[in-house]
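The next block holds one structure in the form of structure tokens; read it before the comments.
Only heavy atoms go into these numbers, but all of them, side chains included; no hydrogens, no water, no symmetry mates. Atoms within a ligand are numbered from 1 in the order they appear, just like the ligands themselves.
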Amino acid sequence: MEAQRTLRRPISCVGIGLHSGCKVNLSLKPAAPDHGIRFRRTDMGNFEVPATVNNLAGIQLATGLAREQVSVETVEHLLAALVSMGVDNVVVELNSPEVPIMDGSAAPFIYLIQEAGVKRQQKGRKYMKIVRPIALSRGDKRIAIYPSDHFKVTYSVSYDHPLLRHQSRTLRVTEESFVEEIAPARTFTFLKDVEMLRQNGLALGGSLENAVVLGETGVLNNALRFEDEFVRHKILDAVGDLALVGFPVIGHLVAHRAGHALHTEFAAKILEETAAWRLIEEAADVMPTPAAVPVAVKGVASL
Ligand SMILES: [Zn+2]
């Protein structure tokens, strides 16, 4: 049985909110088994907002949660880091409505979690194993999940931009692959959209320090971290949004041109489709697979 996990010790950092531009203190604290991931607003009497689809709110350019009008914005990169590092139970304290954007990727959160350390707890973890396909589309945006022995993500994007026509990637998501290949990929935006965002009071904390900005003829930042950093970041977002189902998922998520709105609508749909999954106590990796057991054939078994 795989044990649930939490942090070994509390850890904190300071950053700014991408949209508000305000300074934010973020602390990650250990929590008991079955606690789940819960945000706590220290500036609002320690009011808690659990990271579940029931609390989804205000999905525009980032994923937001709210309960009784207390909101927490831009949760997806931190959620992706937590679930990929196998952290089931944690209190996320914030003194502002927005998770700090850091460098626009999940790498700083991975660093925080590694610094705090992760420890096993005295209770088994449940996984959501997909047993039937589930699909959802909105116009040309599509997302689906299929049965698989592992958690895998296939993502493809296409834009009407000379530098970003089409990118696609499939990845089996493990702690190692997430840390190496996905976590460092930064959020991105198009220069033509930046002015519109600012006029709407959004992205006030945005800069080349925390986003890749695509101009007409090139990337305004000095360099990309990966040639296909854009689609890798979409995988990061999808992993974070899917975390809102509340269990590690065993299945193959396939998304095309999706975004936070579709990811989160899909997370809610998965929870509703109870015949398409079952909760199991062990990951596929550690389950004995009957088909893999060698079958002794009379007379040739000794070969
Ligand atoms: Zn993102």
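We find that D88 and R125 are joined by a salt bridge, their nearest charged nitrogen and carboxylate oxygen being less than 4.0 Å apart.
How far CG of L7 is from CG of N89: 9.5 Å, rounded to the nearest 0.5 Å.
Summary: NE2 is the N/O/S atom of H233 found nearest to the Zn ion (ligand 1). The atom of D237 that is an N, O or S and sits closest to the Zn ion (ligand 1) is OD1. For H77, the N/O/S atom at the shortest distance from the Zn ion (ligand 1) is named NE2.
Between the Zn ion (ligand 1) and E76 there is no N/O/S contact shorter than 2.8 Å. Under 2.8 Å from the Zn ion (ligand 1) lies no N/O/S atom of H260, from backbone or side chain alike.
With a 4.5 Å cut-off between side-chain heavy atoms of Ile, Leu, Val, Met, Phe, Trp and Tyr, the cluster of L18 takes in I16, I101.
T74 and E98 form a side-chain donor-acceptor contact under 3.5 Å, judged by distance and modelled atom types alone.
Between H233 and F188, the ring planes lie perpendicular to each other; the angle is over 60°, past the 30° to 60° tilted range.
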